[in-house]
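Let me begin by presenting the structure, written as structure tokens, before commenting on it.
Please read these numbers as outputs of a predicted model, since none were measured by experiment. What's counted below: heavy atoms across the whole structure, side chains too, no hydrogens, waters or symmetry copies. Below, read A as the first sequence line, B as the second, and so on, with proteins coming before strands; counting in each chain starts at 1.
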Amino acid sequence: MTVAVRFDEVQVGTELPARSFPVTRATLVQYAGASGDFNPIHWNEKFALEVGLPDVIAHGMFTMAEAVRVVTDWVGDPAAVVEYGVRFTKPVVVPNDGVGATIEVAAKVAALLEDNRVRVDIVATSAGQKVLGMARAVVRLS
Amino acid sequence: MPLDPSFIGRTYPPTEPYEVGREKIREFAVAIGDANPAYVDQEAAKALGHPDVIAPLTFPFMLSFRAAAQVVEDPELGLDYSRVVHGDQKFVYTRPVRAGDRLSVTISIDAIKSLAGNEVLTIRGEVGDVSGEHVVTSIMTLVARAAEAGGE
């Protein structure tokens, strides 16, 4: 495993480069196909409204996949992430306007652990609301 | 109706092996818009010390969720899936998923709780290669909501 970030270069509070990720209806259709999750709340507006949602929403697992890209881009080797967990707190609402939604992701080192590992805390928001809670990754640095 | 707590600790038979293909990994990486070369370029993956391309971190959810159908659809447990949302998700890795892996999932029920009228079900999937090597543990919490909608 080759990791671009050295353990002795980081400290608690070190910020990772923030990113924003676009998500449109087309993105969700593509993710549904690749993941096999065809729940209609992710592509059928009529169905989403009937079950009480404000509109079509992104797959939670899509949002989870986007959020950790901030960490894997930082370290280079995705295998450096040995633990990753999130709570799904709010849905990412994806309007059918050709623009869709944006997932904003920031992350920083929250704790230094043994064996050159660090805990990174991730904040993901969309339309000004936090969409993931307790989003944390444990990363092994070089 | 509350879920039967006697299901806590129950383990289901391992799933039939799923063979991880390079093109499936590529399709998944494209779908999440992630251009990390470790997912698509064997030479880039080898330069990082991997024997073949590796899969994105959330890739194994496909397998663990499919395997969890044994619980979700278990008529004896009686979960009302129309009220279920994905509450949280965690992966704990021993090593990355690689192209060529033949992965089997063993599902267990770790917890059943009632919280504010919601039924909370924690399902653990141990994902291992058929050679016996542990790859990743996938822990998901499903929440069967009492009334209100929302979340995912």
Side-chain angles (χ1 to χ4, degrees), chain A residues 1-4 21-23 27-37 39 41-42 48 50-54 57-69 71-73 75-92 131-138 140, chain B residues 24-39 44-50 53-66 81-98 136-143 145 147-152:
Chain A
M1 194 180 74
T2 313
V3 176
F21 302 102
V23 46
T27 316
L28 297 184
V29 170
Q30 191 171 19
Y31 183 77
S35 69
D37 182 349
N39 188 327
I41 60 174
H42 305 306
E50 277 172 9
V51 299
L53 293 166
I57 63 169
H59 304 72
M61 290 305 300
F62 176 83
T63 305
M64 185 177 185
E66 298 310 298
V68 82
R69 287 172 60 187
V71 184
T72 54
D73 283 356
V75 288
D77 185 355
V81 179
V82 293
E83 278 186 44
Y84 177 39
V86 307
R87 181 163 295 169
F88 302 107
T89 50
K90 291 276 183 199
V92 173
V131 293
L132 298 177
M134 299 287 287
R136 295 174 167 185
V138 175
R140 189 174 289 124
Chain B
K24 188 64 195 176
I25 291 176
R26 179 194 305 272
E27 180 191 10
F28 190 87
V30 168
I32 62 171
D34 194 334
N36 194 312
Y39 306 138
K46 283 179 182 167
L48 294 171
H50 305 299
V53 294
I54 62 172
L57 287 154
T58 59
F59 181 93
F61 180 75
M62 274 193 287
L63 309 185
S64 60
F65 185 68
R66 203 177 295 173
Y81 193 65
S82 70
R83 294 191 299 130
V84 167
V85 294
H86 196 182
D88 55 54
Q89 176 65 39
K90 185 174 186 183
F91 299 99
V92 181
Y93 273 92
T94 297
R95 68 156 174 88
V97 170
R98 303 169 186 139
V136 57
T137 300
S138 165
I139 302 153
M140 78 181 82
T141 301
L142 301 180
V143 182
R145 286 175 176 263
E148 66 178 33
E152 145 63 327

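- Residues Ala79(A) and Ile54(B) share a closest heavy-atom pair of N-CD1, 4.1 Å.
- A distance of 12.0 Å separates CE in Met64(A) from CZ in Arg87(A), rounded to the nearest 0.5 Å.
- A ring-centre distance under 6.0 Å is not found for Phe88(A) and His59(A).
- The two atoms that bring Ala58(A) and Val23(A) nearest to each other are CB-CG2, 4.5 Å, heavy atoms only.
- Put simply, of Lys24(B), Lys90(B), Arg95(B), the one with the most heavy-atom pairs under 4.5 Å next to chain A is Lys90(B).
- The choice from Pro56(B), Pro37(B), Gly33(B), Ala47(B) that makes the most heavy-atom pairs within less than 4.5 Å of chain A is Gly33(B).
- In terms of non-hydrogen atom pairs under 4.5 Å with chain B, the most contact-rich of Gly36(A), Gly85(A), Ala34(A) is Ala34(A).
- Using a 4.5 Å cut-off between heavy atoms, Ala45(B) makes no contact with chain A at all.
- Across Pro22(A), Gly133(A), Gly76(A), Pro78(A), the residue that shares the most heavy-atom pairs under 4.5 angstrom with chain B is Pro78(A).
- The choice from Thr137(B), Thr94(B), Thr141(B), Asp34(B) that makes the most heavy-atom pairs within less than 4.5 Å of chain A is Asp34(B).
- Within the 4.5 angstrom heavy-atom criterion, no atom of Thr63(A) approaches chain B.
- Residue contact with chain B, scored on non-hydrogen atoms closer than 4.5 Å, involves the backbone and the side chain of Val86(A) alike.
- Only the side chain of Tyr39(B) has a heavy atom closer than 4.5 Å to any heavy atom of chain A.
- Taking the six-membered ring where tryptophan is involved, the planes of Phe91(B) and Tyr93(B) are tilted, since the angle between them lies from 30° to 60°.
- For the pair Tyr31(A) (side chain) and His42(A) (backbone), a donor-acceptor distance under 3.5 Å is absent.
- Contacts between Ile32(B) and chain A at a heavy-atom distance below 4.5 Å involve backbone atoms as well as side-chain atoms.
- Nearest heavy atoms, Ser35(A) versus Met62(B): O-CG, 3.2 Å.
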Walk me through it: do Met61(A) and His86(B) pass the test side chain to side chain contact (heavy atoms under 4.5 Å, CB included)? CA-CA 9 Å; Met61(A) 290 305 300; His86(B) 196 182; 3.6 Å; yes

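- For Asn36(B), the part lying under 4.5 angstrom from a heavy atom of chain A is the side chain only.
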